[in-house]
Amino acid sequence: MSEADTTTPAGVPSFAPVPTSATEAQVISRPSLSYWQDAWRRLKANRRALISLWIVVGLLLFTVFGPFVWRVDPDDQDLDQISKPPGPGRIATVATPFEPWAGVRDASGRTPDTSASADRLLAPAELAVVGEANTQAVRLSWRPDQTAPGASGWRVYRNLYDPAPDRALGLPVGEILNPAETGFEDRLDLEPRRYFYSVLPLDAWGAESSDYITLPVDVKRVITAEEAVAKGLANDALDLAPGDSVELAFHPLGTDYLGRDMLARLMHGARVSLFIGIVASFVYVAFGILYGAAAGFVGGRVDQLLMRFADFVVALPFLLFMILFRILFGVESGDSGIAPMLVAMVLLSWPATARLVRGQILQIREEGYVGAARLLGARSAWLVMRHMIPNTMGVILVTLTFAVPSAIFTEAFLSFIGMGVAPPTPSWGSMCNEGLKTMLTTPHELIAPALFISITVLAFNLLGDGLRDALDARMRATE
């Protein structure tokens, strides 16, 4: 029989070995990876989790190194830019210092008709701006209607919108009881924008006429040379002349209702919010790990007693204990409540972690390597710290990534309702509370901190989902 024959005399196939070299026989098709290397490989394959990880890293860099790059005091007020939305730097025109105004008087010598009712009075025939309308002052003058009875006074209103559709005149900024005075100077919180001024006459009883006249006025931003030097916008007042332009301070994310830089407050607020979220989570997760490990390792009646106490802690109302801790710590209205908030979170949030770790320990203590360690004389503390807890690190990391956003959201909620971090200490929750007051006119004061809270919570949650999938050994077996 030749070597080419592939069958035996009995007709049974002959399986000859395939000739291979010694090096080819030693090649491994898939490299051997440790548990953590394989977990990192699968985490990188999860695009959402990887993006969330970089977002978390970026938030930490924003929190730690941001204030060293953007060196603006979060409590400094820029009174020239109050509630300004995000945008480039603003320009102000140099003007002469403010000088008192003598006003305008009616030269016709008309006297008020005390018998005239408000419905017989007509609005002034003419309303005009005297001089330049700027952020120092807006000066108005008007001429009474000669065809109507003389008014006994005037009332001036200011609005941000045209009052014509529904007669919404806005804010009453002045009332003149002398009918001969037909001028008014407005200096109340003027901003560089368009205002609508309305003037209407009053009768002898102070009742308003239904007839009024409205004038739109565009206010120009101005600053004096001395103010520019005091705010560091110029080196010498002699270098500035009326009409020159000065660039005001730059606020990338705008300012709040007190003129404070939003970017600086978001950076310092992140330190408070992330500090509470991360520190509180690490502390109560660590306590839950030790508590659950002890309960699961000991077992029996001790385990039942410890778990019933954990159930009791779960049933405690968080807000009630938050109020009690504020009273215990002597926190007054307006004081920062960081300490009682941390204590309340640590004392009331650990049972969930304890339950998860206890379940893992109950499974691990039945493993063969734990029994072998017992036979070799390993002490209980060594078994728990060296073998059991390290084998629950997957569950612990996932629990931690879900605990951090929960703590951040709890801090934001408590600060929002006024029981957490109190102004002027910035935190994302307290900034949302402040921004709610001006939400309709300046929404950026609410959107910016709310957006940071949402991104942070979403990033940690997606990262937790990715870690749960990456650290699950059962998923490794199915690949």
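With values rounded to the nearest 0.5 angstrom, Leu274 atom CG is found 9.5 Å from Phe62 atom CZ. Expressed to the nearest 0.5 Å, how far CG of Leu319 lies from CD1 of Ile417 amounts to 5.5 Å. For the atom pair CG (Asp75) and CZ (Arg260), the distance works out to 6.5 Å, reported to the nearest 0.5 Å.
Summarising the local packing, CZ of Phe318 is surrounded by more than 12 heavy atoms from other residues, nucleotides or ligands at distances under 6.0 Å. Counting heavy-atom neighbours within 6.0 Å of Phe409 CZ, excluding the residue itself, gives a total of 12 or less. No more than 12 heavy atoms of other residues, nucleotides or ligands lie within 6.0 Å of CZ in Phe309, so this atom counts as exposed by the packing criterion. Under a cut-off of 6.0 angstrom, the local environment of CZ in Arg167 is crowded, with over 12 non-hydrogen atoms contributed by other residues, nucleotides or ligands. The number of heavy-atom neighbours closer than 6.0 Å to CG of Asn235, taken from other residues, nucleotides and ligands shown, is 12 or below.
Using a 4.5 Å cut-off on side-chain heavy atoms (C-beta onward), Gln136 and Arg187 make no contact. At a threshold of 4.5 Å between non-hydrogen side-chain atoms, the residues Pro449 and Leu266 count as touching. Residues Phe250 and Pro252 are in side-chain contact: their nearest non-hydrogen atoms beyond the backbone lie under 4.5 Å apart.
For Asp303, the salt bridge (charged side-chain N to carboxylate O under 4.0 Å, His left out) test picks out Arg358, with sequence neighbours left out.
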The test is side-chain hydrogen bond (donor to acceptor under 3.5 Å, both in side chains); show your working for Gln37 and Arg41 and say whether it passes. CA-CA 6 Å; Gln37 289 174 332; Arg41 180 186 63 83; over 6 Å; no

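By the 30° and 60° cut-offs, the orientation of the rings of Phe321 relative to Phe325 is tilted.
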Exercise answer: donor-acceptor pairs, residues 291-298 side-chain atoms, under 3.5 Å, sequence neighbours excluded:
{"residue": "Tyr291", "atom": "OH", "partner": "Leu306", "partner atom": "O", "Å": "2.6"}

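With hydrogens and angles ignored, the 3.5 Å screen pairs a side-chain donor or acceptor of Thr255 with a backbone N or O of Lys84.
Using a cutoff of 4.0 Å between basic side-chain nitrogens and carboxylate oxygens, Arg194 and Asp162 are not scored as salt-bridged.
Among pairs with a residue in residues 415-435, those fulfilling ring pair (Phe, Tyr, Trp, His ring centres under 6.0 Å) read Trp428-Phe452, at least two apart in sequence or across chains.
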